[in-house]
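Okay, so here's the structure we're looking at.
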Amino acid sequence: MKSVFLVSTILAAATLVQPAVAQEGAPAAETGVAAHDGGEGAIVVTARRREESLQSIPAAVSATAQEDLSRASATSIADVARLTPGLSYNSGNAGGLGAPTLRGVTNVTPTTFDNNVGVFLDGVYLSAKSNLDIDLFNLARVEVIKGPQSALYGNNAFAGAINYVLDRPADYLTGQVKASVGTDGLYEVAGKISVPITDTLRVMAVGSYSKFGGTIDAVDGPKLGGWDNKWSASGLVEWRPVDGLEASAFYYHYQDRLDGSANYIFTNNCGGTTSAMVNRGGSDRRYFCGTLTAPDQVNVDPASYSTHKTDLAIGRLSYDFGPVTLRYTGSWAKYQAFALQDQHLNTFGGTLPTASRRFTQPFVGPVREWSSELRLESFGNSFLDWAFGGYYYDRKASQLSIVGLGVDQQSKSLNNENIENSTMKSVFGLVDLKLTDRFDIEAQGRWTWEDKDSRLTNHITGAVLLPEADFSYGTYRVTANWRWADGKSLYAVVGSGTKSGGFNNTAVVSEQAFGPEKNTTFEIGTKNEFLGGRVTLNASAYYIDWKDLQLSVPSAIVGQTNPVTNAGSATVKGFEVGVAVRPSTNWDLNFAYSYNDPKWDEGTVDYSSARQCPTAADCGLVQAGTGIDISGFQIPRTSRHQYVAATTYTIPLATSEIYLRGDLSYRSEQPTSAIALQETDEQLLVNTRVGWVRDNYEISLFAKNLFDARYIVSAITEPEFFPSTTFTTGFVGNGRVIGLTAEMKF
């Protein structure tokens with residue numbers, strides 16, 4: 001009821017401002033919620049690797065432009081998810097477990113190297129989970145393409161792709177400077193400049209710096225949820241020496257030092273008992289059953305912190321021969337992340353001194369990757385468009401997990417290092433057959449060969465394992481699109497997605513490798529414009545057949561970390577609907593709703609819950625052999641209901657204007673594990689901004705999380721080896737932040 005009340009309040013407040021009479025051909029408003037797409041304001045996106053009008057693409061795509069990102073106070077991939085229906089983002093362990101969830105498809109086992117939703121910068125894959133954020137000030141927009149995109153994007157675009165699209169230098173001198181101050185020690189400054197060096201050469205430079213004290217109360221030390229610093233710098237050079245030839249080079253550097261995660265351990269209340277009350281679950285019980293709600297404060301040792309560093313270079317070269325264009329893209333990246341995180345937190349009353357607390361050090365890089373793509377394409381033809389090419393990708397990734405006492409991590413109980421080398425080669429192609437002016441069929445296909453090897457080291461026992469595995473697989477996407485009337489279309493899609501396999505650090509040879517996940521998705525959709533583009537109504541429905549899920553199971557050797565294997569299947573049914581209305585040239589209203597029903601298939605058994613539930617009866621569940629029957633349970637880290645609403649109203653003045661913006665995002669409860677006895681609470685976040693704009697100057701007052709909602713971002717259930725039980729760690733989100741932004745463009 002509270003969410004319905006708030007939605008009604010915001011939308012009702014917007015309608016209190018009486019708009020002017022609507023005008024035909026009003027320019028488009030670009031937002032992640034929905035988008036107008038009519039007339040001269042048509043939004044151009046590159047979701048299908050070529051420039052197209054957003055409303056004409058036969059796919060579910062959300063696009064959020066730089067201005068909307070700024071006015072929604074978006075600074076991270078989590079904020080992009082908040083603005084995008086059907087997309088959510090979970091992270092934990094100082095960001096080391098960052099994983100987007102799209103249309104009810106997620107990483108069921110969050111510790112694997114690869115995600116189910118690919119994240120890309122201008123089409124170049126970003127693999128490191130702890131380094132998925134890009135400074136949004138660099139961007140023209142963010143595009144979210146829903147449904148499997150493996151045939152077009154390749155790497156792990158299993159359920160869809162998030163593509164950061166870079167801003168481009170102009171052929172005239174232009175720039176922008178922005179600064180913000182806010183509550184809880186928020187300071188931000190950012191700037192960009194675009195300079196034409198010659199008629200054929202132009203450059204752009206972008207930089208940003210921020211500091212934030214956080215809003216989450218800590219028992220010992222300063223507040224959490226902030227950072228000592230975040231800063232980034234980038235440069236982009238574009239060269240067009242002759243007609244048809246284009247070359248560009250981009251380099252990006254980012255680094256930060258963040259507070260320790262605002263973690264909280266929940267007291268176990270179910271799942272049977274242990275022989276002694278020594279587990280970090282805070283009782284002699286094995287598991288926490290129920291809804292995880294944010295505490296008033298957390299007890300995190302102030303020695304906790306994390307750092308992240310990204311270096312990324314992209315080079316492009318293309319030549320337009322007239323009927324065909326040849327394109328080459330090459331990239332290099334290096335990611336590093338370090339975390340030192342208190343794991344005792346509030347257990348034992350939070351009274352342990354630093355030297356006696358357990359600290360974890362997860363997900364330390366470096367991760368290095370290289371990629372090359374060569375593509376020949378021909379678009380804009382009357383009957384047949386086509387493209388084909390080849391792709392090469394090489395990654396060397398290191399993942400380190402240490403658990404020990406104190407900052408120096410003495411008396412280590414875990415010290416595992418996984419070094420994984422991955423080489424991917426693929427060939428791909430597409431054909432778009434335009435059977436009539438209003439009906440076409442496009443087929444995309446890709447065949448991939450993966451070679452993987454790993455060096456798995458247990459530094460406590462000295463054991464070294466050297467597993468190897470090869471995978472090859474095909475993916476496809478076929479789309480039929482019927483534009484049955486002007487501004488109105490129906491489309492149908494069948495496509496497949498694949499997520500890469502990997503390795504486990506276990507001495508059992510048969511447990512050392514696991515294979516790819518696969519899905520087949522069926523989708524129907526419609527896109528519609530009314531009243532000259534002032535109203536759009538888009539909807540889609542889909543069915544996802546998800547096979548070979550990567551799940552944790554108990555090892556054949558008691559006491560070893562649970563290995564991952566392909567042991568499950570699931571089905572997702574869902575639909576989305578988005579409405580964008582422009583009652584006048586001064587007023588936009590957008591609303592989108594996403595429903596997902598992600599369930600384990602009949603006969604699916606969870607073998608990983610022995611520590612929570614020694615027997616199924618201890619948790620009121622059904623035994624299935626040595627595991628628990630989870631048939632029909634909701635998939636972890638997914639929400640059944642999500643909606644996003646936004647409104648902007650502009651008041652013209654004599655020589656300036658005032659705008660009022662509000663946006664709201666809601667996601668329902670999310671189970672945290674396969675047995676679905678534990679869930680994070682629903683989230684309802686509201687942001688507002690009021691701004692004054694005159695010529696190239698803007699001053700705005702903003703509130704992020706206006707109603708100071710308290711919530712758990714995500715949670716993980718971790719093993720306690722002695723005794724053999726678990727503890728649940730929740731990651732608390734930031735509260736309200738109020739600030740002032742000044743901006744100048746030239």
Side-chain angles (χ1 to χ4, degrees), residues 96-97 99 105-118 127 129 148 150 155-159 362-363 367 393 395-399 401 416-424 448-458 463-475 496-520 545-557 560-570 600-601 603-610 625-627 630 635-637 673-674 716-717 719:
L97 299 177
V105 178
T106 186
N107 280 21
V108 177
T109 304
T111 54
T112 56
F113 265 116
D114 298 298
N115 279 326
N116 294 68
V117 179
S127 70
K129 289 185 179 182
S150 297
N155 306 63
N156 298 310
F158 181 82
F363 308 107
V367 176
Y393 172 79
R395 179 181 69 189
K396 301 183 185 301
S398 175
Q399 182 170 296
S401 299
N416 289 341
E417 183 178 16
N418 297 358
I419 299 175
E420 182 177 294
N421 302 314
S422 177
T423 301
M424 176 185 292
T448 299
W449 299 267
E450 278 191 283
D451 298 321
K452 288 195 170 188
D453 63 78
S454 190
R455 183 182 180 90
L456 311 177
T457 305
N458 186 324
V464 178
L465 307 172
L466 301 170
E468 298 180 359
D470 299 330
F471 311 113
S472 62
Y473 47 85
T475 53
S496 67
T498 302
K499 171 190 170 183
S500 184
F503 301 108
N504 299 301
N505 196 336
T506 172
V508 182
V509 175
S510 62
E511 297 176 353
Q512 289 177 2
F514 56 90
E517 289 188 5
K518 301 176 182 178
N519 85 70
T520 303
D545 184 17
W546 188 1
K547 301 293 186 185
D548 300 326
L549 272 79
Q550 298 166 358
L551 302 178
S552 295
V553 299
S555 173
I557 298 178
Q560 288 211 34
T561 302
N562 290 346
V564 175
T565 190
N566 303 95
S569 63
W600 298 106
D601 287 343
T604 304
V605 177
D606 173 50
Y607 295 97
S608 65
S609 301
T626 58
I630 55 173
I635 302 292
R637 287 178 290 282
S673 68
I716 56 174
T717 299

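Values below: all heavy atoms of this structure, side chains included; hydrogens, waters and symmetry mates excluded. As the structure is a prediction and not an experimental result, all values here were calculated from the model. Numbers for residues simply follow the sequence, beginning at 1.
The shortest heavy-atom contact between Thr498 and Lys518 is OG1-CG, 4.4 Å. Residues Ile635 and Ala570 approach most closely at CD1-CB, 3.7 Å, considering heavy atoms. In plain terms, the two heavy atoms of Ser150 and Ser496 that are nearest each other are CB-O, 4.0 Å. Scanning both residues, Ala159 and Val117, for their nearest heavy atoms gives CB-CG2, 4.2 Å. Nearest heavy-atom pair, Ser398 versus Ile419, reported as atom, atom and distance to 0.1 Å: OG-CG1, 4.2 Å.
Between atom CZ of residue Phe514 and atom CG of residue Leu549 there is a gap of 12.0 Å, rounded to the nearest 0.5 Å. One finds the OG atom of Ser422 at 5.0 Å from the CD atom of Glu450 (value rounded to the nearest 0.5 Å). Once rounded to the nearest 0.5 Å, the distance linking CG of Leu465 with OG of Ser454 reads 9.0 Å. Ser472 contributes atom OG, which lies 12.0 Å from atom CE of Met424 (distance to the nearest 0.5 angstrom). To the nearest 0.5 angstrom, Trp546 atom CH2 is 8.5 Å from Asn519 atom CG.
Glu517 places a side-chain N or O within 3.5 Å of a backbone atom of Gln550 that can act as its donor or acceptor partner. The backbone N or O of Ala463 lies less than 3.5 Å from no partner atom in the side chain of Asn458, so there is not a single donor-acceptor pair. Judged by distance alone, with hydrogens and angles left aside, the side-chain atoms of Asn504 form a donor-acceptor pair with the main-chain N or O of Glu511 at under 3.5 Å.
For Thr717, the side-chain contact (heavy atoms from CB on, under 4.5 Å) partners two or more places apart in sequence, or in a different chain, are Tyr287, Gln612, Gln678, Thr726, Thr728. In this structure, Trp600 has no side-chain hydrogen bond (donor to acceptor under 3.5 Å, both in side chains) partners at least two apart in sequence or on a different chain. Take Ser609 and apply the side-chain hydrogen bond (donor to acceptor under 3.5 Å, both in side chains) test, not counting sequence neighbours, and it matches Asp606. Checked against side-chain hydrogen bond (donor to acceptor under 3.5 Å, both in side chains), Gln512 has no partners two or more places apart in sequence or in another chain. Every residue meeting the side-chain contact (heavy atoms from CB on, under 4.5 Å) condition with Asp601, not counting sequence neighbours, appears here in chain and number order: Lys547, Ser569, Thr571, Thr604. Residues passing the ring pair (Phe, Tyr, Trp, His ring centres under 6.0 Å) test with Phe471, sequence neighbours excluded: none. When the side-chain hydrogen bond (donor to acceptor under 3.5 Å, both in side chains) test is applied to Asp548, no partner is found at least two apart in sequence or on another chain. With sequence neighbours left out, Arg395 forms a salt bridge (charged side-chain N to carboxylate O under 4.0 Å, His left out) with Asp114, Glu420.
Looking at heavy atoms from C-beta onward, Ser127 lies in side-chain contact with Val367 at the 4.5 angstrom threshold. Contact annotation: the side chain of Lys452 approaches that of Ser500 to within less than 4.5 Å [non-hydrogen atoms, C-beta and beyond]. Taking 4.5 Å as the limit, some side-chain heavy atom of Thr626 sits within range of a side-chain heavy atom of Tyr607. The shortest side-chain heavy-atom distance between Pro148 and Thr475 does not fall under the 4.5 Å cut-off. Counting heavy atoms from C-beta on, the side chains of Pro467 and Leu456 come closer than 4.5 Å.
Checking Asn116, Asn155, Asn156, Asn115 one by one against Lys499, the side chain to side chain donor-acceptor pair (under 3.5 Å) holds for a single residue, Asn116.
Inspection of the Asn421 and Asp453 side chains reveals an N or O donor paired with an N or O acceptor under 3.5 Å.
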